[in-house]
Number of protein chains: 2
Amino acid sequence: MGNESSYKDKKVITIGIVRELTGLSERQIRYYEERKLIFPERTAGGSRKYSFADVELLVEIANKIEDGVQTHEIRKEMLKAQKKQNQEEIRRKMIQGQLNAQFGIRKGPASH
Amino acid sequence: MGNESSYKDKKVITIGIVRELTGLSERQIRYYEERKLIFPERTAGGSRKYSFADVELLVEIANKIEDGVQTHEIRKEMLKAQKKQNQEEIRRKMIQGQLNAQFGIRKGPASH
DNA sequence: AAACCATGTAAGAATTCCTAACAAGATTGT
DNA sequence: ACAATCTTGTTAGGAATTCTTACATGGTTT
């Protein structure tokens, strides 16, 4: 539940392909990671792996930087957006909790 | 129209990641290509690039092979399925053509 | 003016990927 | 039964890709 198994978030793209997809240099891509704007996973050997979501985020970052926004600012924006998301998440879960309390605590479909 | 821009079909995954995702050996993955069951793209330097759809197809292929089906047979099945798909495609387009002929040939939304 | 930002570039090592070839057990075809 | 084919592993050597670290530089902030 709440799953999507989506391809979008699976980290499977190496940095060279990301370079092709975004038009950014590998230097830029690694630098944005250094500034904590993006968080690739690693293979056993240490190579970076990105998701399609990462690719899209990188393009957004690059656009902002072109507009003169510093990585520092971009990071603040992202943290703020994240926090808002988390708040919504919490609110939804609390409401769900109330509903469960009112209408039943049964978890499984079977009640022998 | 008819588009999906889907991540699923974009060829962005290198063979090592495909190995991780499928559990197959690189030898197997390349062999199935040799037998014309799968068609990766290539980077400028010659490295293979697969899509998520390819990954899923590889798993299906591997399952059939485990069941004792030969690549030869698998290929025939795939061609047959392909042909059926194409037939459906053609039929749909013919029907669409009839509708257009009956109700109007206008292509663009504007008719000045 | 000093510090910081964003990016390029270079060097050298490690990882990943490539093709080609040989081997071998299992299966298929004659 | 015997030969041919199938599937996979393994090896070898080379090429492509990626890694980190360091230095350089023009632009921007402090």
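Naming convention: chains lettered A, B, ... in sequence-line order (proteins, then strands); numbering from 1 in each chain. For clarity, every value in this text was computed on a predicted model and none was experimentally measured.
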Point to revise | N or O in side chain of B/Thr71 less than 4.0 angstrom from D/dC6 OP1/OP2 | key: no
Exercise for review: Could you walk me through whether A/Lys8 and A/Glu56 pass salt bridge (charged side-chain N to carboxylate O under 4.0 Å, His left out), step by step?
Suggested key: CA-CA 10 Å; A/Lys8 188 172 180 181; A/Glu56 293 186 4; 3.5 Å; yes
Review point. To the nearest 10 degrees, what angle separates the axes at the start and end of the helix from C/dA1-D/dT30 to C/dT30-D/dA1, five pairs each?
Key: 40°
Study note, to complete from the structure: Between CD1 of B/Ile61 and P of D/dT8 the distance, given in whole Å, is 11 Å
Check your understanding: Can any side-chain N or O of A/Ser6 pair as donor or acceptor with the backbone N or O of A/Asp9 at less than 3.5 Å?
Key -> no
Revision key, fill the gap. For A/Gln96, the side-chain hydrogen bond (donor to acceptor under 3.5 Å, both in side chains) test, sequence neighbours excluded, returns none
Point to revise | NZ/NE/NH1/NH2 to OD/OE distance under 4.0 Å, A/Glu33 and A/Arg30 | key: no
Check your understanding: Separation of A/Arg19 atom CZ from D/dT18 atom C1', in whole Å?
Key -> 11 Å
Review point. When the nearest nucleotide of DNA chain D is assigned to B/Ser47 and to B/Gln28 on a heavy-atom basis, which residue is associated with the more 5' position?
Key: B/Gln28
Check your understanding: Are A/Glu77 and A/Lys80 close enough for a salt bridge, meaning some N to O gap below 4.0 Å?
Key -> no
Review point. OP1 or OP2 of D/dT18 less than 4.0 angstrom from a side-chain nitrogen or oxygen of A/Arg48, does that happen here?
Key: no
Study note, to complete from the structure: Each nucleotide of nucleotides 24-30 of chain D classed B (base within 4.0 Å of a protein heavy atom), S (only sugar-phosphate) or -, in 5' to 3' order, makes -------
**Study point:** Contacting residues from residues 29-46 of chain B, given that a heavy atom lies under 4.0 angstrom of DNA chain C
**Key:** B/Arg30, B/Arg42, B/Gly46
Revision key, fill the gap. The residue among A/Leu24, A/Ile29, A/Ile17, A/Ile13 that forms side chain to side chain contact (heavy atoms under 4.5 Å, CB included) with A/Val55 is A/Ile13
Review point. What is the distance, rounded to the nearest whole Å, between atom CD1 of B/Ile15 and atom P of D/dT17?
Key: 14 Å
Study note, to complete from the structure: Its 5'-most and 3'-most nucleotides having an atom under 4.0 Å from a non-hydrogen atom of chain A, DNA chain C is contacted over C/dC5 to C/dT16
**Study point:** Residue pairs passing the ring-ring contact (aromatic ring centres under 6.0 Å, His included) test where at least one lies in residues 21-49 of chain B, sequence neighbours excluded
**Key:** none
Check your understanding: Is the backbone of A/Lys64 close enough, under 3.5 Å, to the side chain of A/Asp67 for a donor and an acceptor to pair up by distance?
Key -> no
Check your understanding: Counting only heavy atoms not in A/Arg91, do more than 12 fall under 6.0 Å of its CZ?
Key -> no
